[in-house]
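Following: one structure in structure tokens, then a few remarks.
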Amino acid sequence: MIDMLLAAMLAASAPADTIVTLETVTVTGQQRLQQQMRSSQAEVHVDRDYLQQHFDGSLMQTLQHIPGVKAMTIGSGQSKPTIRGLGFNRLAVTEDGIKHEGQQWGDDHGLEIDQFAIDRAEVIKGPAALLYGSDAIGGVLSLYTNHVPTEPFGGSVQLFGRTNNEQLGLSAKVEGRRGKWFYRANATLIDYADYRVPTDSIQYYSYWIRLKDGRLRNTVGCERDGSLMAGYAGYNFHTDLRVSDSYQKSGFFANAHGLEVRLSGIDYDRSRRDIDLPYQWVNHLKVLSHTTWRSDVTSAELNLAYQNNVREEHSEPVGHGYMPTPGDTRERRFVKSTYTAGISLRHVAGSHELRGGLSGELQHNRRGGWGFIVPDFETASAGIFVMDRYTLCENLIVNAGLRYDLARTHIREYRDWYVTPVGGVDTYLQRSADIRRSFGSLTWSAGVNYSTGKWVMKANVGKSFRVPIPKELGADGINYHIFRYERGNQELDPEESYQLDASVSWANDVVEAEVEPYVNYFPNYIYLNPTAQYVEGLQLYHYTQARVLRWGLEARAAWHITAHWEATAQGEYLYARQQSGEKKGYTLPFSTPWSAEVGVKYGFGRKARGFVGLNARVVGRQDEIVPPEKPTDGYWTLNMAAGKDWHLGSTTLRLTLHADNLLNRRYYDHTSYYRLIDVPEPGRNVALMLGLEF
């Protein structure tokens, strides 16, 4: 086992946004320019108001209105983030500067983070390994929950719900500050029922399955989140400690779970709010410590964290092949502990802003249960980086940096707990070998920011990398929830990526427009390759590597027609092609099709504190597939949003409504695994939130 090395996250906190109000005119142009000149990469910043106005059930469904960002969903309460078609371990999610570490390789569960505790979010599109190390090869979703209160006492209460899955939720926050000491506490409770789709039957391979009232049986669930934070905020010194715990329990769509359900005596249609077998639960405990010291030209930041993630999957015990009937329902159990620590320094010397840091991480994962897919493992990693941001003049800034990372992975041997006859001899079959691998990588990045008049232009070029995760190296088992048998490859090399991305934007008081093209080359992209073989009744997918070329763009435009009316349009396109391997000439599995969205919004009331908007989303047909995938038809949906704030002295009452798929259209999402068994996306869905801030 490698001793724990120094780790984690860097980046000095962004300066607070400044908005100057003159009577009814709000000046935001300089603020926008300052944000765009902060980085040479494509970045999007959203605040708490945005998160509340666009509330759509889960955090990622709320953020997927950003071009290039998408929520990959399974079940009514689960979604994972993707940026430009890359997600899972190609996308780093950080909370207050610390990388969130759960069982993120799993396709069937979401982020174990309380979305109602988040104050603001930043999305970095494209490789960001220079600052964040492995897993940031596709981008970064940075979440911040450490806002320092300014009043002695305050807080909020929010009630919310969704019609499609009859979701009900309550979130509450209290906070306060006495002198330089402050505190915050959050709690969130969510319950939801089976969700509805606009069909009364689906076809799972050769089986026709009737759906009672159009509901997917056993997609019910609940969530319980809580956090406490205390800290000291001085002029030069700041420190805080935050403890959070997130618990989620949800059922798996029963009819997708194979033989167990067809032979089961469970009455899944008895209730749409009880969680039957099969189901999963996960509990994520996180302890974060954040400390900064600043002077006029120098700052130092120290981040320490401990995370413990426990996840279990339960199924009806049914024997398969030579496996006898298990004695309990616990099919899989994973217990993952992660220790991270990191220090970063920043120093301003004339026109140079110099930054450097050390980071490290130690992970320990143990499995249990009678089903196998991922072996026990330990990983240790460390990285060091330096970068310089040089301001040649007020409107021209260049930056460059280097980073070196070292990682070691030890995967433990695993053999079946039951015997299988091989050549007449009873054998405990080996499913995972004892593997020890070391990986090292030098990464770099360089960029430029330039502004002239109303134009802002950015460009960035760099190399990123990603260490193969234990699942990719050692998996060997059934993943019922996404209908396939998965097999790892212990010979995989670290994934590398070279990317050039740019941004050109123009804005005045009436019109804003932005285009963000990019090109991305992987010499050795790792992916699950679908085959025509079947193992234990499910399609076999095995991990392989190929040269891959990806390019695409996002575009957005906004027209402030009057003080109250605004029109917006945005779209995205992604092209991917394998340049080598057995699927040479094809795209990648579950590739994102092109999409576009147009909308109009009307703001009303004093200072336009109320709004109502309508938008149409169009998604193209996806014919770019990897055999034996099938094409997916295009579709369009009509959606609506509305909201209003009422100010009652120092108290604010806020009402937000968000309605998706108003016409209840039946369509399939090409990136959803449920389309493989003929399950369309949810039907009409209205989300409503009532909040009180005091």
Side-chain angles (χ1 to χ4, degrees), residues 72 74 85 87-88 105-108 202-209 252-253 255-262 320-323 371-374 416 420 422 429-432 468-469 471-492 495 522 524-550 575-593 621-633 668-680:
M72 181 178 290
I74 281 194
F88 302 100
W105 54 265
D107 309 76
D108 42 26
I202 63 170
Q203 186 177 19
Y204 183 3
Y205 296 116
S206 58
Y207 293 93
W208 277 100
I209 300 169
F252 293 117
F253 175 36
N255 293 113
H257 218 257
L259 183 63
E260 290 91 335
V261 173
R262 292 196 289 274
H320 292 276
Y322 292 101
M323 183 184 77
F372 177 79
I373 189 169
V374 176
D416 284 338
T420 299
V422 179
L429 290 181
Q430 185 185 72
R431 305 286 289 277
S432 174
I469 63 174
K471 183 193 178 192
E472 294 167 335
L473 295 169
D476 188 9
I478 293 174
N479 196 335
Y480 274 121
H481 325 305
I482 46 179
F483 334 118
R484 65 193 185 195
Y485 192 102
E486 300 177 359
R487 185 167 290 159
N489 180 355
Q490 65 184 51
E491 303 300 325
L492 295 174
E495 199 173 66
F522 287 84
N524 48 7
Y525 186 90
I526 300 171
Y527 76 99
L528 267 173
N529 180 29
T531 73
Q533 301 177 45
Y534 283 78
V535 177
E536 298 186 28
L538 292 174
Q539 186 178 0
L540 172 64
Y541 284 65
H542 69 89
Y543 282 100
T544 188
Q545 290 187 284
R547 295 195 304 272
V548 172
L549 176 67
R550 304 169 73 251
Y575 171 92
R577 187 70 73 215
Q578 297 187 48
Q579 308 289 311
S580 66
E582 59 182 274
K583 299 293 176 67
K584 180 180 179 180
Y586 290 101
T587 186
L588 294 169
F590 299 96
S591 287
T592 306
R621 175 180 170 85
Q622 183 56 287
D623 290 310
E624 293 285 331
I625 59 171
V626 180
E629 271 191 316
K630 296 180 180 179
T632 304
D633 290 334
Y668 297 86
D669 182 351
H670 190 76
T671 66
S672 171
Y673 298 100
Y674 273 179
R675 70 175 171 84
L676 300 178
I677 58 171
D678 195 37
V679 176

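Heads up: numbering here begins at 1 and tracks the sequence. Only this structure's heavy atoms are used, side chains among them; waters, hydrogens and symmetry mates stay out.
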Would you say the side chain of [Y] lies within less than 4.5 Å of the side chain of [X], judging by non-hydrogen atoms?
X	Y	answer
T592	H670	no
N479	I373	yes
Y668	D633	no
N529	Y541	no
Q539	P530	yes
I202	W208	no
Q545	Y525	no
Y543	L492	yes

Treating Q578 as the side-chain partner and T587 as the backbone partner, does any N or O pair qualify as donor plus acceptor under 3.5 Å? yes
For the side chain of K583 and the backbone of L588, is there at least one donor-acceptor N/O pair under 3.5 Å apart? no
How close do [X] and [Y] get, counting heavy atoms only, and between which atoms?
X	Y	result
Q622	I625	O-CG2, 4.1 Å
F372	D476	CD2-O, 3.2 Å
A576	R550	CB-CG, 3.9 Å

Residues in side chain to side chain donor-acceptor pair (under 3.5 Å) contact with E472, at least two apart in sequence or another chain: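 With neighbours one apart ignored, the set is R466.
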Sequence-distant partners of Y322, side chain to side chain donor-acceptor pair (under 3.5 Å), two or more places apart: none
Any side-chain donor near an acceptor of the partner, Y673 and R675, under 3.5 Å: no
Carboxylate-amine/guanidinium proximity below 4.0 Å for E486 and R484: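 Judged by the 4.0 Å cut-off on N to carboxylate O distance, E486 and R484 do form a salt bridge.
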